[in-house]
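To keep things clear, I will list the structure first and then write my remarks on it.
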Number of protein chains: 2
Amino acid sequence: MLIAIRNNKRYPVAMDEKLRDKPGYALRRAASSATAELAARLDPLGLRQVDASVLILVDSNPLSTASAIGRALDIQRANMVPLLKRLEDAGWVERSPIDGKSQGLELTRAGRAKLAEALEVIEAFEASLLARIPAQHRDHLLPALNALWAGA
Amino acid sequence: MLIAIRNNKRYPVAMDEKLRDKPGYALRRAASSATAELAARLDPLGLRQVDASVLILVDSNPLSTASAIGRALDIQRANMVPLLKRLEDAGWVERSPIDGKSQGLELTRAGRAKLAEALEVIEAFEASLLARIPAQHRDHLLPALNALWAGA
DNA sequence: CAGCATTGTTATGACTCATAACTATAAAGC
DNA sequence: GCTTTATAGTTATGAGTCATAACAATGCTG
């Protein structure tokens, strides 16, 4: 909270007060702060957020292709390659040929264990997020957010 | 909406259904979709979102330093340099020395005009964001979001 | 006045992300 | 069946964002 001077008087204001009532701005700030926090929490597990997302999707959609997973997460096919390579090198994911051109993804035993760890961290994080929201607003966040991007 | 097969039955589900009830995930998706949309709307004005934010802050906090603006927007001092250079080259912002080491930022006439254009776009965008949210959730979004990052 | 903090700046490296190009294979249309 | 079109996986690459470190010059504090 800075002190701004206007009309020769001192007002306690944030410099970005003009922006604070804009949902778009709040959205960006909230997302980037949440992103940073979750990344920090996942880091000790050797996971990035994308990794965790992919593990979750592969687990609940076994034998999906890399392309399909990427499509669901808005990740370009090309960028799935190094991502999956990491997960495979770590021994969490394995691929099996579906036909001559596609390959299905599955979690290994180690992958499922890692996913369990990740889910614990994520659930704790989500809970802590919700806990920060005043009770009367809490239940509205998820439906509101989903309305914002589900259509896109 | 894809079709998943489980227990030999077909269910209409999204692949990321497991993620959809997580506020953190919804937050990231909503923010990135909103970010992309606003960027597209500002692009015809020759503005990025950061540019618009800086214009707004400089306008409402005239003679602030680059460091202060950066601090308010979580932009590193170092990264303010090319950013301000662009705004200055475009003739929207000018700097005047405050003392031997600091310089105050101000909008030029053209800068204020550009800001007015930007604000129109932004207001329209914010309104369209809110319009997508079911009425009963709408008023809760902003306070909920602000609770998420204001503390950080 | 001495030490510390801050400003503006340059340089740089890491990381993310989108695009294009290519091969091989599958699927669809006729 | 055969041709055309779409898709999967991959490589290479370039743009853009962002954080860090270092530095000189200046202001501020005790």
Side-chain angles (χ1 to χ4, degrees), chain A residues 2-3 15 28-29 31-33 35-40 42-43 46-54 57-58 61 63-89 93-106 152, chain B residues 2 15 28-29 31-40 42-43 46-54 57-58 61 63-89 93-106 152:
Chain A
L2 307 172
I3 301 294
M15 282 193 71
R28 273 206 304 157
R29 297 299 300 248
S32 91
S33 116
T35 294
E37 183 180 339
L38 179 55
L42 285 175
D43 189 57
L47 285 175
R48 306 194 214 159
Q49 310 187 42
V50 217
D51 300 337
S53 302
V54 169
L57 257 64
V58 171
N61 303 275
L63 293 184
S64 296
T65 64
S67 295
I69 299 286
R71 235 174 282 127
L73 293 173
D74 273 335
I75 302 174
Q76 245 63 33
R77 264 196 340 277
N79 295 329
M80 290 294 293
V81 176
L83 201 172
L84 284 176
K85 174 160 172 28
R86 279 208 339 278
L87 298 184
E88 212 180 359
D89 288 350
V93 165
E94 60 187 6
R95 351 161 72 117
S96 53
I98 291 181
D99 54 30
K101 130 176 127 165
S102 301
Q103 36 195 268
L105 301 173
E106 272 178 304
Chain B
L2 308 173
M15 280 194 72
R28 275 207 302 158
R29 298 299 300 248
S32 90
S33 115
T35 293
E37 183 181 340
L38 179 54
L42 284 175
D43 189 58
L47 285 176
R48 306 193 215 159
Q49 311 187 41
V50 218
D51 299 338
S53 302
V54 169
L57 257 64
V58 170
N61 303 274
L63 293 184
S64 295
T65 63
S67 295
I69 299 287
R71 236 174 280 127
L73 292 173
D74 274 334
I75 302 174
Q76 246 63 35
R77 260 194 345 275
N79 295 329
M80 289 294 292
V81 176
L83 201 171
L84 284 176
K85 176 161 171 27
R86 279 208 340 278
L87 299 184
E88 213 181 356
D89 288 351
V93 164
E94 60 186 4
R95 352 163 69 120
S96 53
I98 292 181
D99 55 31
K101 133 176 124 167
S102 300
Q103 35 195 273
L105 300 173
E106 272 178 306

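Labels below follow one simple rule: chain letters A, B, ... track the order of the sequence lines, proteins then strands, and each chain is numbered from 1. Quick note: numbers below take in every heavy atom, side chains included, and nothing from hydrogens, waters or symmetry partners.
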Taking CE from A/Met80 and P from C/dC17, how many angstroms apart are they, rounded to a whole number? 13 Å

Atom pair distance, as rounded to whole Å: CD1 in A/Ile98 and P in C/dA27: 11 Å

For A/Val81 and A/Ser102, take the nucleotide of DNA chain D holding the closest heavy atom to each; which residue's nucleotide lies nearer the 5' end? A/Ser102

Write down the distance between CG (A/Leu83) and C1' (D/dT11), rounded to a whole number of angstrom. 16 Å

Side chain of A/Lys101 only, heavy atoms from C-beta on: which candidate in D/dG9, C/dG8, D/dT7 is closest? D/dT7

What integer distance in Å separates A/Ile75:CD1 from C/dC15:C1'? 15 Å

Nearest-angstrom distance from the residue atom CD1 of B/Ile69 to P of C/dG8: 10 Å

Compare the minimum distances between each of D/dA8, C/dT10, C/dA18 and the side chain of A/Gln76, then state the nucleotide with the smallest one. C/dA18

On DNA chain C, check which nucleotide each of A/Asp99 and A/Arg77 is closest to and give me the residue with the more 5' one. A/Arg77

Apply the side-chain contact (heavy atoms from CB on, under 4.5 Å) test between A/Leu83 and each candidate in A/Leu87, A/Asn79, A/Val81; give the one that qualifies. A/Leu87

Could you tell me whether B/Asn79 contacts a base, only the sugar-phosphate backbone, or nothing, with contacts defined as non-hydrogen atoms closer than 4.0 Å? base

Of the listed nucleotides C/dT7, D/dA8, D/dA21, the one nearest the side chain of B/Arg71: C/dT7

